[in-house]
Structure formats: structure tokens, C-alpha cells
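Each chain gets a letter, A, B and so on, in the order its sequence line appears, and its residues count up from 1.
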Amino acid sequence: MVHLRGAVALLGRFPALAGVDLDVDRRRIVLLRGANGAGKTTLLRALAGLVPISAGEAIVLGVDLRVDHKSVRPRVGLLAHGAGLYDELSVADNVRFWTLAAGAVLADAESAMARLGLDGRLSDVSVGRLSTGQRRRTSLACLIARRPELWLLDEPHAGLDKEGRDVVDELVRDAADAGATIILSSHELDRAIDLADEIVTLGGGVALDDSGAGGDGHVA
Amino acid sequence: MVHLRGAVALLGRFPALAGVDLDVDRRRIVLLRGANGAGKTTLLRALAGLVPISAGEAIVLGVDLRVDHKSVRPRVGLLAHGAGLYDELSVADNVRFWTLAAGAVLADAESAMARLGLDGRLSDVSVGRLSTGQRRRTSLACLIARRPELWLLDEPHAGLDKEGRDVVDELVRDAADAGATIILSSHELDRAIDLADEIVTLGGGVALDDSGAGGDGHVA
Amino acid sequence: MLHDAWLIARKDLKLEIRSRVALNQVVPFALLVLVLFAFALDPDRGLLEKATPGLYWIAVLFSGLLAMQRSFAVEAADGVTDALRLSGLAPAGIYLGKTLSVAVQLLVLEVLLGVGVAVLYGTSMTGWLLLLATIVVATAAISTAGTLFGVVAAGLRVRETLLPLLLLPVLAPVLIGATRAFEAALSGTPSEGWPWVGLMSVFAAVYVVAGIFGFGPLMEES
Amino acid sequence: MLHDAWLIARKDLKLEIRSRVALNQVVPFALLVLVLFAFALDPDRGLLEKATPGLYWIAVLFSGLLAMQRSFAVEAADGVTDALRLSGLAPAGIYLGKTLSVAVQLLVLEVLLGVGVAVLYGTSMTGWLLLLATIVVATAAISTAGTLFGVVAAGLRVRETLLPLLLLPVLAPVLIGATRAFEAALSGTPSEGWPWVGLMSVFAAVYVVAGIFGFGPLMEES
Amino acid sequence: MTTETAGPFGASDSGPTSTGSRTTMILGVVTLVALGVLVLFGLILSPADENQGDAVRIMYVHVPSATLSYVGCFLTAIGSAVFLWRKSRWWDLVAYASAEVAALFTAFTLVTGMLWGRPTWGVFWVWDARLTSEAMLMLLLLGYLAVRGIAADYGVRAKRAAIVGLLLVPNVFIVRQSVQWWRTLHQTPTLSLSGAEIQGLMLFSLFTGFIAITLSFIWMVIHRFRVAWLEEQVDAEGLDTAIAERRAEGVVS
Ligand code: HEM
Ligand SMILES: Nc1ncnc2c1ncn2[C@@H]1O[C@H](COP(=O)(O)OP(=O)(O)OP(=O)(O)O)[C@@H](O)[C@H]1O
Ligand SMILES: Nc1ncnc2c1ncn2[C@@H]1O[C@H](COP(=O)(O)OP(=O)(O)OP(=O)(O)O)[C@@H](O)[C@H]1O
Ligand SMILES: [Mg+2]
Ligand SMILES: [Mg+2]
């Protein structure tokens with residue numbers, strides 16, 4: 001599903017990815033960890049085709065990103081720090097819009113909202129009024145309604161309450177079972193390590209040698 | 001330091017705080033927890049004098065918020081979800097500006113940046129280019145340079161790496177020892193519970209009776 | 001592509017209906033631009049009498065700029081640009097959708113402003129036809145070019161200042177054309193106006209094509 | 001208060017130096033507005049000759065609007081408004097600081113635009129004095145009123161459209177005054193211009209006072 | 001625990017409980033009668049003007065409504081000032097109500113003026129100083145109403161609107177004065193027909209015009225105020241239920 005060799009990505013002139021190697025198979029759940037500024041977000045965005053790879057190999061979902069970085073986009077789902085929602089529209093309007101935009105049907109939007117607990121009072125509230133966690137849930141609902149093949153989750157647990165975290169874990173496991181591939185970054189290792197099949201530690205824009213799943217592998 | 005009785009705060013017409021009771025003494029570290037949308041952020045903002053209290057009693061740092069919600073502001077430090085930084089200025093310029101604005105001296109800014117690991121390459125990078133965790137560190141540096149009497153931290157651990165979390169915990173403990181009062185909200189209970197002296201659970205805009213808690217929401 | 005365009009246009013118009021920015025603020029702003037010029041260009045010199053069509057179109061242009069700013073401010077929200085890129089919506093569809101929603105807002109504005117001008121000057125039937133045609137074609141020209149340049153400025157932090165800079169010179173020919181056509185209609189010589197309408201149609205057509213093919217690459221950078 | 005004002009002004013000017021929005025974009029925009037009017041007001045009618053002072057000030061006004069928008073866009077970033085409220089900076093200081101930085105940017109703009117106008121018209125020494133005084137006083141008037149209304153619109157999602165709507169009618173008298181004063185200076189009758197300078201000073205004084213007292217309450221909620 | 005139902009600005013203001021009352025009804029009847037008298041004198045009993053013919057009859061509504069558009073602006077400014085000073089919601093709504101009515105009267109002045117302009121000047125509109133300044137006043141009021149209409153909390157809206165409302169005064173003044181500042185003062189034959197030259201029935205008709213228009217102004221402001229007040233009341237009434245519902249959310253989770 002994902003195959004990177006020496007992938008370099010520049011943000012401005014700064015090499016945020018300085019030669020990353022990464023291989024992820026179908027149905028795997030991979031955890032990216034690493035210090036602040038290690039390049040986790042940049043890596044996820046690069047895999048989504050949003051940050052161009054300027055050197056090395058990068059093949060995602062069978063597409064060579066250096067040749068064509070657009071055609072993977074509709075097939076991935078990225079949960080980013082920016083919510084990607086229209087503040088002035090209601091929760092329901094937002095989820096429906098992004099669902100339809102991804103070519104899915106309205107029923108998917110409804111079930112996604114129900115899954116994330118957004119179907120009651122909240123569905124008519126403007127997104128701009130929501131609490132942090134509620135916004136995050138709305139972004140997640142938009143993501144799952146798209147049914148992506150590759151899930152790229154940037155700190156998916158952040159901002160969610162206990163119940164929300166459980167929902168996320170469940171969603172991730174269900175998606176993996178259904179054949180999707182999941183790459184997530186996290187600083188909440190306790191929770192994320194349980195969820196992940198593999199752990200990759202980033203540091204200084206490269207994947208550091210790691211002791212594999214479940215291993216400690218902490219880098220100072 | 002903080003005394004609330006039946007405090008009500010409206011966001012638009014929505015009673016985000018629906019009668020909160022809360023008492024916090026000096027040097028205490030209080031953890032607010034609760035589901036998404038429970039009112040944690042609103043409570044912290046209300047204590048900072050940013051959201052008006054429309055009913056009930058609210059006394060913070062000896063000031064009655066219903067009479068005067070402005071004079072507490074320079075005395076509190078709020079770490080909010082919004083970074084409160086100018087994207088186009090560098091890290092150092094931002095921290096210096098907010099430090100001087102709070103009436104502190106430039107040396108405070110330097111030591112705060114050093115404390116949060118922002119004194120190397122990063123100090124000249126524009127804030128808009130930073131990673132999530134680095135932004136968060138910059139906001140924290142601005143906060144500690146102000147030396148507030150009351151620290152209001154909204155999910156202080158979110159987005160920080162392991163080392164950053166340790167720094168936060170250390171800062172909080174040092175501040176409490178130095179006589180400050182700390183109220184923080186968090187969803188990362190494992191870490192936050194260790195840090196806190198007291199736990200208050202919010203739900204539906206009120207402080208809920210807590211398991212193992214006294215009648216008015218106190219935990220030993 | 002048309003399906004995508006419709007989705008985007010509907011979303012934008014729903015946003016407008018919820019926030020009423022165009023109605024409550026852009027329309028008064030257009031009136032304001034008109035009146036301001038009256039102040040600056042001293043009435044007793046008789047300058048204004050002749051200049052009304054030009055002023056009308058300047059007012060439309062500046063208000064259109066505002067509508068365009070708003071249209072792209074909406075998409076500049078945290079993460080929305082990325083979400084659009086990932087969405088799978090055809091860039092050409094997004095372009096057409098945004099063009100459509102801006103055009104609808106501009107048309108409402110122009111009709112509100114224009115009825116006044118036409119009545120005040122009392123024009124003939126053929127004059128009316130030309131006025132209408134000018135309005136439709138000029139709107140198409142403004143919104144097609146505007147949306148294309150809007151995306152160039154979108155996502156940049158300096159959006160608010162860059163867009164006018166890019167857009168106004170590009171639209172200068174439309175300003176002349178629409179003004180001349182209006183003058184022709186109001187002075188009872190519509191035959192002089194129709195060539196301008198033709199010219200603006202060509203302009204709009206060029207920009208539609210440019211937009212359909214250029215929007216994708218332009219959405220990329222930022 | 002003055003210390004706070006200085007802090008804010010320095011920060012804003014540093015931001016401008018790093019981003020160069022005013023220099024690279026607002027100045028060209030002003031030139032553009034001037035040229036656009038040349039298009040709209042067909043030169044062969046001789047309208048333009050007479051209208052130059054008015055056009056100059058309209059160009060300044062619209063560019064000032066843009067500078068003001070930018071000045072408040074900067075403060076609208078995530079959490080900055082709250083941070084300002086919590087900072088302990090005196091609202092009056094913030095007001096004066098922002099006014100100052102806008103005024104400095106406008107002055108640069110006006111001098112760049114104005115040298116051309118003055119040279120074209122070739123004025124006398126007293127004319128020069130009046131021109132300078134007009135520029136200084138009108139700038140003060142535009143930036144004091146602009147900053148005050150800037151904060152009225154600040155923090156709202158509709159900021160981009162609301163500010164022009166509020167500000168332009170308020171500044172209309174300044175537009176007249178500055179235009180008349182320029183006309184007086186250029187036509188060699190400066191004595192007719194000085195009363196206008198006085199009037200604009202009063203205007204600026206009223207708004208400084210209103211700003212110093214009104215900025216606090218306005219910054220409060222959003 | 002008790003929760004006050006009053007809004008952020010306290011319960012001290014007392015206000016109406018319905019859109020009308022005995023007094024407003026009587027006032028309404030009196031207004032209607034006055035308007036009837038105005039129609040009688042204005043359209044039937046008063047003579048046509050030598051120069052202008054029947055068009056002069058527009059004056060009986062045009063001039064009073066122009067005057068009341070100023071009154072409305074001043075009332076708005078007063079309401080805004082008291083609101084800022086005493087935090088009184090009552091006065092805030094007075095400002096709001098009178099701004100709306102002032103906008104209406106300004107529009108009415110513009111319309112009647114334009115209708116008058118067609119027969120006397122041959123065009124509906126000229127960029128004359130007075131006309132332009134009245135148009136500018138209209139725009140200032142629209143700006144004020146735009147601030148009232150922004151989607152923000154009551155306190156935000158009210159405070160910002162109050163500052164704008166307060167600044168209406170210098171602007172009304174400046175806009176009015178700009179008539180004098182124009183290089184050449186606008187002069188048309190009709191405008192020389194000022195107060196002193198109107199006599200007899202025409203003067204009386206103008207007088208009834210003033211009374212009738214003033215009464216309608218008062219009536220409208222009162223009603224607009226009462227409606228706005230009741231809208232606020234409805235919001236406040238919902239608060240107790242809203243608080244109860246909000247608390248219930250906590251029990252579930
Ligand atoms: C759109 C067009 C017009 C507007 C906006 C307008 C506006 C006004 C305003 C604001 C006033 C109040 C002046 C004051 O009290 O300071 C006024 C008064 C008056 N207007 Fe008009 N007007 C218009 C057209 C006309 C026309 C066409 C006539 C007559 C031919 C006219 C005749 C008068 C007269 C006689 C007064 C009485 C006050 C005075 O003596 O100046 N107006 N108008
Ligand atoms: N123009 C630039 N100049 C210098 N450094 C830059 C520039 N642009 C980006 N960077 C750096 O690139 C890195 C980007 O890291 P990224 O956002 O991928 O980190 P991350 O692993 O997601 O961190 P976090 O845990 O904080 O979210 C940061 O260290 C940032 O400072
Ligand atoms: N205008 C409104 N209409 C309806 N609900 C609103 C409105 N404004 C705010 N709210 C609600 O008020 C609550 C605010 O909660 P707050 O942001 O304090 O939550 P929180 O405890 O910080 O949650 P999180 O854990 O997600 O950060 C949310 O439930 C939000 O949906
Ligand atoms: Mg990151
Ligand atoms: Mg929160």
C-alpha cells in the first residue's frame with residue numbers, strides 16, 4: 001500500500017522529510033511517533049499527495065507520487081489538525097457536503113454522524129460554535145463517510161473524551177478489518193501502542209531504527 | 001483564589017455553564033475533566049474574565065467577576081486552543097512581544113524560550129511554519145514569561161511530545177510551589193491525575209458529584 | 001463536473017443565506033461607492049451627469065471584489081483548502097460552482113443598482129434589452145475572471161490585498177466595455193453597444209476555458 | 001499607555017517589514033485605482049484633468065481601507081484577540097499603536113502617489129506647505145477613524161465586508177476636505193485650503209478621543 | 001439553586017408585556033386622524049403652487065419626514081449613549097427602534113424628493129449636495145443596522161452598535177454641513193420657496209404635515225421598541241428551560 005525509500009519533502013526550503021523509508025501493507029495499523037517537529041504531520045500530508053516528494057521513491061496505493069500526486073487523493077482520508085469545516089454551516093450541512101463531495105451518498109453521512117454522537121442537538125449547531133472535541137468529531141465523521149482505502153490520522157485521539165477515543169479505536173479496527181490501511185501519528189503512546197500493529201519512530205525527518213511493534217524504542 | 005456558586009455563562013443563548021460550583025485554594029492544582037462539550041473550555045475562559053458570568057457568584061483572585069471582569073486578566077495566564085501568536089513573526093519576536101506586553105522583562109522571554117526548547121534554530125522561524133507541538137510550546141513560553149498568579153491550562157499536554165509533557169508537569173509543579181494556583185483541563189487522564197491535587201468532573205455545564213468526591217465536587 | 005459545480009454553488013449560496021453578508025453589506029457598499037464618487041467629483045461641474053454608467057460599473061466592480069474576497073475567505077478556513085483538494089471534486093467543477101455563486105450574487109446586486117439607473121434615465125425598449133445583455137455578459141466576465149484570480153490569491157496570508165491588485169487591471173476592459181454599452185443603451189443608440197457585448201462574451205469565454213483548465217494547477221500551490 | 005502604543009506600533013511595523021504587504025501590494029493597488037478611473041472617465045472629455053485631486057484621495061481612501069483590513073486581519077488570528085485582552089495592554093494604547101502604524105504606512109503611500117501629482121501640476125511654495133499639511137492631517141483623520149471602526153468590525157466573520165461599509169461614509173467628509181484643500185493648493189489659492197485642514201484636524205481630534213475611550217469596550221466581546 | 005432569568009444587563013429594566021397598549025392605541029387613532037386631516041388639507045383644501053402646480057403638495061410630507069429622519073438619528077445617539085453609560089437594555093432597544101424608523105424616514109424623504117424632482121427639475125436625481133448628503137445619511141443608518149444584524153452575541157452587537165450609533169451625531173452634523181461646504185451652494189428656484197414665503201393654507205398644510213408625520217414617527221418607534229423588547233423577553237424566558245436541558249446532558253454521560 002505504501003512504499004517509501006529515501007523520500008525527501010521540502011517545506012519552503014526546509015527538508016521536513018529528509019529521506020524516509022517506510023513500508024506498510026494492507027490492513028495494517030501503523031503508529032508514527034517522534035518528537036515535536038520530527039516530521040510526522042509532513043509525512044502524513046506527503047502520503048495524501050498534499051506535499052510533493054522531491055527525491056526518493058514514493059508509491060502509495062499503487063500510484064507513484066513523484067509522477068502523479070493527485071490521483072491518490074480521493075482514495076485517502078486525512079484527519080488533519082485543521083478541521084476542514086465551514087464554520088458558518090451546521091454540523092449536518094458540513095458532513096453532508098463533504099460526503100457528497102467524495103461521491104458517497106447521504107445515508108453515509110447520517111450513519112457517520114450517528115457513529116460519532118453528532119445526531120442529536122448538535123447536528124444543527126454551526127461548526128464555529130462547537131467545542132474542540134466536537135469539531136474533531138465532525139471532521140472524523142466527514143472522514144469515515146468517505147470510506148477511504150488509506151486512513152491518515154494525525155493525532156486522532158487529541159481533544160476527544162474517553163468515549164470518543166474508544167469510538168476512534170473501534171473505527172480504526174473496523175476499517176482495518178474491512179481492508180483499509182491506517183497510519184496514525186500520536187503522542188499518547190499508551191493508547192496508540194495498543195492499537196497499532198507496527199510502530200515507526202520519526203526523528204529529524206527520517207525513520208529511526210526501531211525495535212518493532214510493542215517495543216519501547218523511545219528516542220530522547 | 002477561585003470561588004464559584006451557581007455560575008451561569010451564556011455563549012450566544014446557550015448556557016454553556018449552567019450553574020457551576022467550584023472552590024480552589026492557593027497553590028492547588030485542579031484537574032477539570034468531562035465529556036466533549038461539557039464546558040471545560042468555557043469555564044476556563046470565564047475564570048480568565050473572557051466570558052461574562054450572567055448569574056451566580058464568581059470571585060477570582062479576590063475580584064468579583066460580575067462587577068469587574070477586566071482586572072483579573074493581567075493576573076491570569078490562559079493556555080487556550082488558539083495559539084494567540086502572530087504567524088508572520090518569528091518565535092522569538094512573538095515571545096518577546098507578549099512578554100513585554102505583560103509588563104515583564106526581556107530576560108524572562110529568553111529563559112522561557114530556553115525552558116521550552118525554543119532557543120536554537122527554531123527561535124528565528126516564523127510561527128506560521130511551526131509544527132503543532134512547536135506552536136504549543138511557543139504559547140506556553142509566552143504564558144510562563146508572564147508569571148501569572150492563576151494558570152488556566154486548556155489541555156496543556158495536547159500536541160506535546162513526551163519531553164514536552166514532562167516540561168509542562170514540571171512547570172506546573174514549580175508554579176504551584178511558588179504560590180500560583182493551577183486549573184487545567186485534560187482528556188489524558190493518566191497523566192493529568194498524577195499531576196492534580198483535586199479533580200472536578202464537569203458535565204452538562206455543571207460540576208458533577210464525583211466518585212470518591214465530597215458533596216460539592218472536591219476530591220482529596 | 002457539473003454535478004460538482006452544483007454542489008459547490010449550493011453550498012456557497014447556503015452559506016450566504018445563513019450569513020447574509022452579500023445582502024446586508026455588499027449591496028449597501030455598492031451604493032456607497034456610488035455616493036462617494038459623487039462627493040469626490042464635485043457635482044456642480046456636471047461631471048457626474050455623463051459619468052453615471054462608468055460609476056455604476058465601478059461600483060459593481062468594487063462590490064464584486066468584495067463578494068469575491070468573501071467567497072475565498074470562506075475557503076481559506078483552517079484545513080478547508082486541503083479538504084477540497086482531497087475531496088475528489090473536479091477542479092473545473094469547483095471553479096464553475098464558485099463562479100456561479102458569485103455571479104448569482106452579483107446579478108442580484110446589479111439588478112438592484114441598475115433598476116435605479118435605468119429608471120432615472122428613462123430608456124427605450126431596445127435600450128432595456130441592451131442593458132440586460134450587458135449586465136448578464138459583464139457579470140459572466142467579472143465572475144469568471146474573478147474566480148480564476150481569486151484562487152491565485154487564496155490560501156495566501158495576504159489574500160485581502162493581493163486579490164484587488166491582480167483582478168482590477170484584468171477587469172479594466174470589462175469596465176470599459178460595460179460602460180460603453182450602458183452609455184449606448186441610455187443615449188438611445190443601442191447599435192453602438194452590441195459590439196461591446198460581443199467583446200465581453202469573448203472575454204468571459206476565454207476565462208471560462210482558462211478557469212476550467214487552470215483552476216486545478218492553481219489550487220495546487222499555496 | 002504610550003509605552004503600550006509604541007509596543008503595538010513597533011510590532012505592526014515589524015510585521016509589515018517582514019511581509020511587505022503594504023509596499024508590494026497596497027501601493028500598486030492605489031496606482032491601479034487611479035488608472036482605473038482614467039478608464040472609466042474617458043480622458044478625451046477632459047474630466048480627468050479637473051478630477052485629479054478627487055481621484056488622488058479616492059485612491060488613498062481605498063488603499064487605506066485595504067491597509068486597515070490588513071491591520072485587523074493580523075489581530076484576527078486564532079486566539080490573538082483573547083491574548084490581547086489578557087495582556088494587560090491599555091486598550092487606549094492598542095488603539096494609538098494601531099493608528100500610528102496605519103498612519104505611517106499611509107504616509108509612505110501618499111508621498112509616493114503625491115509627488116507625481118504635485119510635479120505634474122507644478123505648485124508654488126505655499127502650495128507645497130498646504131499639500132503637506134493636508135496629507136498629514138487627512139492621514140491622521142483616516143487612520144484615527146479607520147482604527148476605531150476597524151475594531152467595531154474586528155473579530156467578526158464578516159469583517160471584510162463590514163469595515164468598508166461603516167468606514168467609507170464616515171470618511172466622506174475627509175474626502176471632501178482633502179480634495180478641496182488639494183484643489184486650493186494646486187490652483188494657487190492656498191488660503192481657501194487652510195480652513196479644510198482645520199476641519200480635518202477637528203475630525204481627527206474627535207476620533208482620537210472617541211478611540212481612546214471607545215476602544216476598550218469594543219475590544220471586550222466578539 | 002436559583003438562577004436569575006434576566007439577561008446579562010440585569011433585571012432592573014422594566015418594559016412592556018405586549019406589542020400594544022391603551023395609550024398606543026389612542027396614539028394610533030390620533031395619528032390616523034392627523035393623517036386624514038393632512039390628506040384633506042394637503043390634497044384638497046390647499047391651493048396648487050403658481051410655479052409648481054400640484055407637485056408642491058409633496059412638500060407637506062417631504063419636509064417633515066426629512067426633519068424626523070434627523071430626530072431619529074439623534075434619538076439613536078441618545079439611546080446609545082445611555083446604554084453605554086448605564087448598561088440599560090431598555091435604552092439600547094430605544095436606539096435600535098429609532099434607527100430603524102429613522103432609516104425608514106430617510107428612505108421616504110429620498111423617495112418623495114425624487115418624485116418631486118421629476119416634475120420640477122425634470123430628473124429624479126441630481127448629484128446635488130443636499131440629496132447626496134441625505135443619501136449618505138441613509139448609508140450611515142444602513143451601516144448601523146448592519147452592525148445590529150451581525151450574527152454575534154447580544155452584548156457584542158449592542159456594544160458595537162452603540163458606538164456606531166453614538167458616532168452618528170458628528171456624522172449627521174458633518175454630512176449636513178457639507179451642504180454649506182460645497183463650492184457653489186445648490187440653488188434651484190423651488191428651494192427658494194422657504195418658510196417665510198409659504199402662506200395661508202399652504203403653511204397650515206405644512207404644519208399639519210409636521211404633526212401627522214411626527215405622530216406616526218412616535219407611534220412607529222414605540223411599536224418597534226415593544227416588538228424588540230418582547231423578542232428579547234422571549235429569549236430570556238427560554239433560559240430556564242435551556243439551563244435545565246443543558247444540565248440534563250451531564251446526567252446522561
Ligand atoms: C431625492 C431628492 C431629495 C432629497 C433627498 C431631499 C432631501 C431634503 C432634506 C434632507 C431636507 C431637509 C433639509 C433640512 O431641514 O435641513 C429637505 C427639505 C426640503 N426640500 Fe428636499 N429633497 C429632495 C428633493 C426635493 C425637491 C425636488 C424639492 C422641490 C422642488 C425639495 C424641496 C424641499 C424643500 C422646500 C425643503 C424645506 C426645507 C428648506 O427650505 O430647505 N426637495 N429636502
Ligand atoms: N520554512 C521553514 N523553515 C524552517 N523550518 C521549517 C519550515 N517549515 C517547516 N519547518 C519545520 O519542519 C518541521 C515540520 O514538522 P511536522 O509538522 O511534520 O512535525 P510533527 O512531527 O508533526 O510535529 P508535532 O508533533 O509537533 O505535530 C518542523 O520542525 C518545522 O519547524
Ligand atoms: N450558540 C450555541 N448553540 C448551541 N450550543 C452551543 C453554542 N455555543 C456553544 N455551544 C455548546 O457549548 C458547549 C461549549 O463547551 P466547551 O467548549 O466549554 O466544551 P469543553 O468541555 O471544552 O469540550 P472539549 O472537551 O470538546 O474541549 C459545547 O457543547 C457547544 O456545542
Ligand atoms: Mg504534527
Ligand atoms: Mg475544550
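Neither the backbone nor the side chain of A:R136 has a heavy atom closer than 4.5 Å to any heavy atom of chain B. For A:R135, no part lies under 4.5 angstrom from a heavy atom of chain B. Contact annotation for B:R191: neither backbone nor side-chain heavy atoms come within less than 4.5 Å of a heavy atom of chain A. The parts of A:L160 that come within reach of chain B are both its backbone and its side chain, each placing non-hydrogen atoms under 4.5 angstrom from that chain. Residue A:D154 does not touch chain B at all, counting heavy-atom pairs closer than 4.5 Å. No part of A:E163 comes within reach of chain B, as not one of its non-hydrogen atoms sits under 4.5 angstrom from that chain. Proximity to chain B is limited to the side chain of A:R165, based on heavy atoms less than 4.5 angstrom apart.
If you tally non-hydrogen atom pairs under 4.5 Å between each of A:R121, A:E155, A:K40 and chain B, the highest count goes to A:R121. Ranked by non-hydrogen atom pairs under 4.5 Å with chain A, the options B:G159, B:G39, B:G164, B:A158 are led by B:G159.
Smallest separation of non-hydrogen atoms from B:G37 and A:S131: N-OG, 3.4 Å. Residues B:N36 and A:D161 come closest through the heavy atom pair N-OD2, 2.8 Å.
Within 6.0 Å of CZ on A:R115 lie more than 12 heavy atoms contributed by other residues, nucleotides or ligands. Around atom CZ of B:R13, no more than 12 heavy atoms belonging to other residues, nucleotides or ligands sit under 6.0 Å away.
Contact of the A:H157 side chain with the B:H187 side chain is not registered, since no non-hydrogen atoms from C-beta on lie closer than 4.5 Å.
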